[in-house]
Amino acid sequence: MTLQNVTVIIPAHNRPERLRRLLDYYSRTDIKVLVPDSSDHPFADAEKYPDITYLHRPKLHFLLKLKEVLPMISTPYAVSYTHLTLPPT
């Protein structure tokens with residue numbers, strides 16, 4: 001099944017272990033992934049996911065992170081994760 005019509009936005013903030021789990025999951029799909037990250041420090045493993053758009057914006061407010069990535073959505077459908085949502089294992 002192809003999901004090239006979907007973009008997933010994963011707003012991140014100081015939870016690298018959850019971000020790693022999500023990126024491991026989505027890196028095996030053809031879904032476009034955008035990660036606006038307001039963590040204090042950049043996600044150390046970002047370079048391991050070359051097909052994922054990662055933006056480190058320290059301390060940027062949640063709504064401003066979304067505002068920054070919205071113009072990057074080029075698919076007809078988009079979904080945003082909350083900090084509690086995790087993919088199936």
Side-chain angles (χ1 to χ4, degrees):
M1 179 206 272
T2 180
L3 294 171
Q4 294 175 333
N5 289 332
V6 178
T7 297
V8 173
I9 302 167
I10 304 173
H13 184 78
N14 292 334
R15 291 187 168 201
E17 66 289 338
R18 286 188 179 235
L19 181 56
R20 187 174 299 104
R21 182 172 171 193
L22 285 166
L23 297 184
D24 284 345
Y25 178 81
Y26 283 109
S27 66
R28 298 186 305 261
T29 71
D30 55 358
I31 296 173
K32 180 177 179 180
V33 178
L34 304 173
V35 180
D37 182 6
S38 58
S39 299
D40 298 330
H41 304 286
F43 179 57
D45 294 339
E47 69 282 348
K48 293 180 182 177
Y49 306 95
D51 296 329
I52 290 169
T53 302
Y54 174 80
L55 303 164
H56 184 237
R57 304 295 188 261
K59 301 188 187 327
L60 190 63
H61 186 278
F62 176 78
L63 293 177
L64 295 175
K65 290 192 295 187
L66 290 182
K67 181 180 178 184
E68 183 171 358
V69 298
L70 287 177
M72 298 177 184
I73 297 171
S74 58
T75 58
Y77 306 102
V79 63
S80 178
Y81 266 89
T82 67
H83 70 282
L84 299 175
T85 312
L86 287 175
T89 55

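If you read the sequence from its start, that first residue is 1, and numbering goes on from there.
P58 pairs by the side chain to side chain contact (heavy atoms under 4.5 Å, CB included) definition with H56, not counting sequence neighbours. Partners of H61 under the side chain to side chain contact (heavy atoms under 4.5 Å, CB included) rule, at least two apart in sequence or in another chain, are L63, L64. Residues passing the side chain to side chain donor-acceptor pair (under 3.5 Å) test with T75 are T7, sequence neighbours excluded. In this structure, the side chain to side chain donor-acceptor pair (under 3.5 Å) partners of D24, at least two apart in sequence or on a different chain, are Y49.
Under the 4.5 Å side-chain heavy-atom criterion for ILVMFWY residues, a single connected hydrophobic cluster contains both L22 and V79. The cluster map of Ile, Leu, Val, Met, Phe, Trp and Tyr, joined by side-chain heavy atoms under 4.5 Å apart, puts V69 and F62 in the same cluster. When hydrophobic clusters are built by joining Ile, Leu, Val, Met, Phe, Trp and Tyr residues whose side-chain heavy atoms come closer than 4.5 Å, directly or via intermediates, L55 is not grouped with V33. L34 and V6 fall into different hydrophobic clusters, where Ile, Leu, Val, Met, Phe, Trp and Tyr residues are linked whenever their side-chain heavy atoms come under 4.5 Å apart, directly or through other members. Linking Ile, Leu, Val, Met, Phe, Trp and Tyr residues whenever their side-chain heavy atoms come within less than 4.5 Å places I10 and I31 in a single cluster.
Residue pairs meeting the salt bridge (charged side-chain N to carboxylate O under 4.0 Å, His left out) criterion with at least one partner in residues 32-47, sequence neighbours excluded, are R20-D45, D40-K59, D45-K48. A salt bridge (charged side-chain N to carboxylate O under 4.0 Å, His left out) check over residues 66-82, counting only residues at least two apart or in different chains, returns the pairs R57-E68.
The two residues N5 and P76 have their closest heavy-atom pair at O-CD, 3.4 Å. N14 and S39 get closest at one heavy-atom pair: N-OG, 2.5 Å.
Here the CE atom belonging to M72 is positioned 10.0 Å from the CD1 atom belonging to I9, to the nearest 0.5 angstrom. Interatomic distance, CD of Q4 versus OG1 of T29, reported as 10.0 Å (0.5 Å rounding). A distance of 10.5 Å separates CG of D51 from CG of D30, quoted to the nearest 0.5 Å. Put simply, CG on L23 and OH on Y54 are 9.5 Å apart, with the number rounded to the nearest 0.5 Å. Summarising the geometry, atom CG belonging to L60 is positioned 9.5 Å from atom CG belonging to L66; distances are rounded to the nearest 0.5 Å.
Annotation: side chain of S80 is in contact with side chain of P11 (closest heavy-atom distance under 4.5 Å).
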